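A short write-up of the structure that comes next.
In what follows, chains carry the letters A, B, and so on, assigned in the order in which the sequence lines appear, proteins first and then strands, with residues in each chain numbered from 1. The structure displayed is predicted, hence computed values, not measured ones.
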There are 6 protein chains.
Amino acid sequence: MKNITAICPGSFDPVTVGHLDIISRASKMFGNVIVVVMTNTTKSPCFTVEERIEMLRKTTAGIENVSVDSYYGLLADYAKKRNAGAIIKGLRAMSDFEYEFQMALTNKKLNPDVETVFLTTSVQNMYLSSSMVKQIGSMNGDIRDFVPDVIQDEIIKRLQERAR
Amino acid sequence: MKNITAICPGSFDPVTVGHLDIISRASKMFGNVIVVVMTNTTKSPCFTVEERIEMLRKTTAGIENVSVDSYYGLLADYAKKRNAGAIIKGLRAMSDFEYEFQMALTNKKLNPDVETVFLTTSVQNMYLSSSMVKQIGSMNGDIRDFVPDVIQDEIIKRLQERAR
Amino acid sequence: MKNITAICPGSFDPVTVGHLDIISRASKMFGNVIVVVMTNTTKSPCFTVEERIEMLRKTTAGIENVSVDSYYGLLADYAKKRNAGAIIKGLRAMSDFEYEFQMALTNKKLNPDVETVFLTTSVQNMYLSSSMVKQIGSMNGDIRDFVPDVIQDEIIKRLQERAR
Amino acid sequence: MKNITAICPGSFDPVTVGHLDIISRASKMFGNVIVVVMTNTTKSPCFTVEERIEMLRKTTAGIENVSVDSYYGLLADYAKKRNAGAIIKGLRAMSDFEYEFQMALTNKKLNPDVETVFLTTSVQNMYLSSSMVKQIGSMNGDIRDFVPDVIQDEIIKRLQERAR
Amino acid sequence: MKNITAICPGSFDPVTVGHLDIISRASKMFGNVIVVVMTNTTKSPCFTVEERIEMLRKTTAGIENVSVDSYYGLLADYAKKRNAGAIIKGLRAMSDFEYEFQMALTNKKLNPDVETVFLTTSVQNMYLSSSMVKQIGSMNGDIRDFVPDVIQDEIIKRLQERAR
Amino acid sequence: MKNITAICPGSFDPVTVGHLDIISRASKMFGNVIVVVMTNTTKSPCFTVEERIEMLRKTTAGIENVSVDSYYGLLADYAKKRNAGAIIKGLRAMSDFEYEFQMALTNKKLNPDVETVFLTTSVQNMYLSSSMVKQIGSMNGDIRDFVPDVIQDEIIKRLQERAR
């Protein structure tokens with residue numbers, strides 16, 4: 001029996017069905033899952049930190065062992081603070097892999113107690129990313145299959161406002 | 001609290017310090033870890049299945065929640081049989097990743113209840129593989145840093161016999 | 001208006017739903033599509049050339065502008081012989097790409113009149129290959145989603161015979 | 001016989017001999033080829049949309065079935081509007097491939113009637129890109145082998161102006 | 001006997017132990033090694049050109065055949081000016097490789113007399129880059145293992161100032 | 001001034017114009033270049049070790065500081081024996097890179113005194129390999145652009161004999 005805390009870090013600007021799939025699968029393997037909005041990585045986000053936290057809360061409401069947080073600082077430090085044993089990352093493709101591999105080795109160096117754990121995205125989400133959602137949505141493309149149902153209208157409205 | 005069974009599959013022909021590192025790190029995250037020698041993948045192995053099981057037992061003897069097994073058949077079926085929630089794979093490099101990614105998607109298709117979980121190898125093991133160990137050992141190269149201490153002499157002796 | 005002949009070369013040992021998807025999409029873009037079983041590439045095939053041709057005929061029977069052939073020799077020469085303007089290749093992943101890229105440049109050098117044209121496989125076929133089908137089928141795994149319906153029983157029977 | 005419309009999208013800021021090679025090869029396979037300057041992708045282009053269209057017209061003047069257009073919006077929507085059956089992309093290298101693969105899957109999702117078709121660049125253009133042309137030209141490097149003859153002087157002049 | 005001049009170009013913003021390792025290894029193979037700060041590549045550097053030159057001088061002071069310089073312009077032109085026979089590049093990973101490969105082919109085209117020579121980074125530096133150093137340092141992470149001892153305090157101080 | 005011995009290892013089964021290009025470029029940078037036929041890597045070679053040495057001698061006859069040798073054993077040991085400072089490898093593509101990177105790190109571990117130095121192949125040789133030459137030649141394809149002039153007839157004759 002293990003009670004490992006796993007962290008799902010990201011910008012979640014906005015959260016996609018791909019993110020949600022990874023979070024949900026992580027929640028089946030680990031005792032606690034903390035989804036954390038890292039606030040220092042995205043330069044000019046589309047959604048505020050508060051909005052992103054709120055969207056994550058709505059979409060993960062049905063999963064008991066998942067909580068949502070935000071952090072400004074190094075992921076390795078956040079993992080230490082929360083006493084986490086695993087950082088969860090979804091891999092879509094090679095280019096993801098290369099960068100994530102470097103980050104994993106760096107985080108291991110900065111905090112030897114935390115493992116980066118990679119899951120493969122489901123095939124139907126393989127081409128999905130927050131930036132594609134934003135790009136397609138801002139051109140009035142149909143993004144309904146890409147973002148969770150409960151926050152769809154909110155996202156579509158925001159992206160169309162920004163496009164003007 | 002979760003009591004997930006994780007499987008570390010491989011040929012382990014022979015087990016390297018890289019394998020051992022992955023097994024040991026997996027044992028910290030999951031309730032039970034089963035190291036399983038897949039017997040249908042390697043064509044003309046250097047060590048028999050029994051020898052490989054024995055070497056794995058010796059090298060994992062100090063880790064409480066690790067057991068060793070062998071299987072002839074599909075990994076997805078073995079995972080089902082053992083009621084496993086995770087398959088653990090160490091990634092060294094891109095070429096690993098590509099193949100492992102395909103295998104992970106296939107296994108997910110054959111057995112939706114098991115996740116493939118990727119860990120990065122430690123940097124000092126990045127260039128390490130069983131086949132390199134065999135190649136170097138058979139040419140009288142020094143493999144002592146590449147294989148666990150307790151089985152070193154056994155491996156060196158065998159590789160030198162084969163080289164004749 | 002163009003009347004380009006496109007070639008879909010492969011071992012097709014056996015044909016998968018992934019191959020069929022590429023052939024069908026090629027048939028919508030080009031005047032004639034010739035599916036050609038290259039007989040010098042696979043060392044010990046599971047199915048004879050005649051069986052593979054027959055399976056391809058059955059599965060492409062509904063597509064008007066597709067014909068099936070076999071060839072022993074260089075693809076660049078076959079393209080010349082059939083006066084083809086395009087060679088069609090499905091790309092699943094990076095490792096495919098690297099090899100196919102080299103082959104495309106070589107074929108261009110040997111026959112400057114033929115273009116290699118790459119299509120992406122559909123996401124649900126991304127992990128699918130003839131060798132995976134053979135591996136899974138020979139271990140009694142379920143391959144029904146991987147091969148066309150009309151030839152399913154034939155393939156399953158053969159793979160199980162071979163596994164004995 | 002097929003009368004497929006193929007689209008060659010890009011920023012073309014500026015058009016290179018690599019682009020021209022792809023356009024010309026596409027024109028041999030497809031009934032109509034539309035070269036389209038996508039106006040929403042490049043942030044601060046070196047040449048205006050009108051200049052880029054004009055340069056494309058000059059360099060493709062000798063190819064009968066090629067026309068030039070521009071579009072602000074999603075490529076998938078443009079393909080629908082022009083009733084196109086193929087999107088043509090030249091692949092130089094792996095990093096191209098990864099991104100283009102994702103785009104191809106996204107466009108297939110947004111518009112199932114259009115295929116993305118990849119051609120390999122000719123070896124002599126393998127290292128060529130608009131951004132390299134701009135970088136080299138702005139440092140007074142020799143770009144004459146990289147851009148079509150008829151627009152060479154225009155491009156060199158502009159890049160040198162910008163460098164000041 | 002050869003007296004080849006080798007160039008180690010970069011932004012060095014700031015120099016890391018990874019850079020120093022490559023410079024030192026190059027100095028064992030080539031007669032003269034010039035470390036050159038290319039001043040046109042980094043948009044808003046953290047350290048001025050003068051500071052970067054000074055840091056490079058301090059850290060390479062113990063290596064006899066190494067000198068430090070800066071240049072605004074094309075690397076191929078600088079190589080010509082210094083009559084260099086080799087450009088030295090450290091490769092950490094695939095993504096490095098792809099870009100560097102393109103640059104090498106471009107430089108060969110612009111200046112056929114200079115070879116680009118790639119060395120592999122040492123395993124312990126595999127995840128190390130100037131931008132990671134800046135990112136970690138600006139978040140108060142420990143960067144002491146990543147930058148040469150003699151300039152450590154200077155770098156830490158600057159990164160913390162910038163973070164405010 | 002440096003008098004570094006560089007090793008160009010390979011199977012050279014047979015030597016191609018791509019190999020020759022790398023050897024020739026290495027000879028401009030290093031004092032002595034030893035081309036060494038590694039005799040333990042290729043399982044069933046097309047040419048005997050003696051034939052391969054002879055072909056290498058003929059094709060490198062015009063380059064003063066190049067000699068030819070053969071070795072059965074570990075490259076790291078051979079480098080030690082010849083007191084070499086560099087191992088030269090030509091990189092054609094990513095898949096090369098991945099494997100060569102691992103080999104380079106392994107050789108560094110086994111013999112810290114030797115550096116692996118990578119050169120990019122010239123663009124026109126990018127798709128060229130000994131195995132492609134053998135495959136094309138055995139199918140009566142035209143290999144004259146792929147192998148050095150002085151050994152062309154010999155190679156063509158042998159490949160056609162083997163094909164029967």
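Within 6.0 Å of CZ on B:Arg57 lie more than 12 heavy atoms contributed by other residues, nucleotides or ligands. Heavy atoms from other residues, nucleotides or ligands lying under 6.0 Å from NZ of A:Lys157 number 12 at most.
No other option in A:Leu105, A:Val123, A:Thr116 has as many heavy-atom pairs under 4.5 Å with chain B as A:Leu105.
Side-chain N or O atoms of A:Arg158 include one that pairs as donor or acceptor with a backbone N or O of A:Cys46 at under 3.5 Å.
Contacts between A:Asn65 and chain B at a heavy-atom distance below 4.5 Å involve the side chain alone, from C-beta outward. Contacts between A:Ser27 and chain B at a heavy-atom distance below 4.5 Å involve the backbone alone (N, CA, C, O). Within the 4.5 angstrom heavy-atom criterion, only backbone atoms of A:Lys28 (N, CA, C, O) approach chain B. For B:Ile88, no part lies near chain A; criterion is any non-hydrogen pair under 4.5 Å. Looking at A:Leu119, the atoms closer than 4.5 Å to chain B (heavy atoms on both sides) sit in the backbone and in the side chain alike.
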Practice problem: For B:Asp21 and B:Arg25, run salt bridge (Lys or Arg N to Asp or Glu O under 4.0 Å): C-alpha distance rounded to whole Å, both residues' side-chain angles, the deciding distance at 0.1 Å, then the answer. | Solution: CA-CA 6 Å; B:Asp21 174 53; B:Arg25 285 153 62 196; 2.8 Å; yes
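Under the side chain to side chain contact (heavy atoms under 4.5 Å, CB included) rule, A:Leu159 has a single partner from A:Ile136, A:Ile143, A:Asn140, A:Val147, which is A:Ile143.
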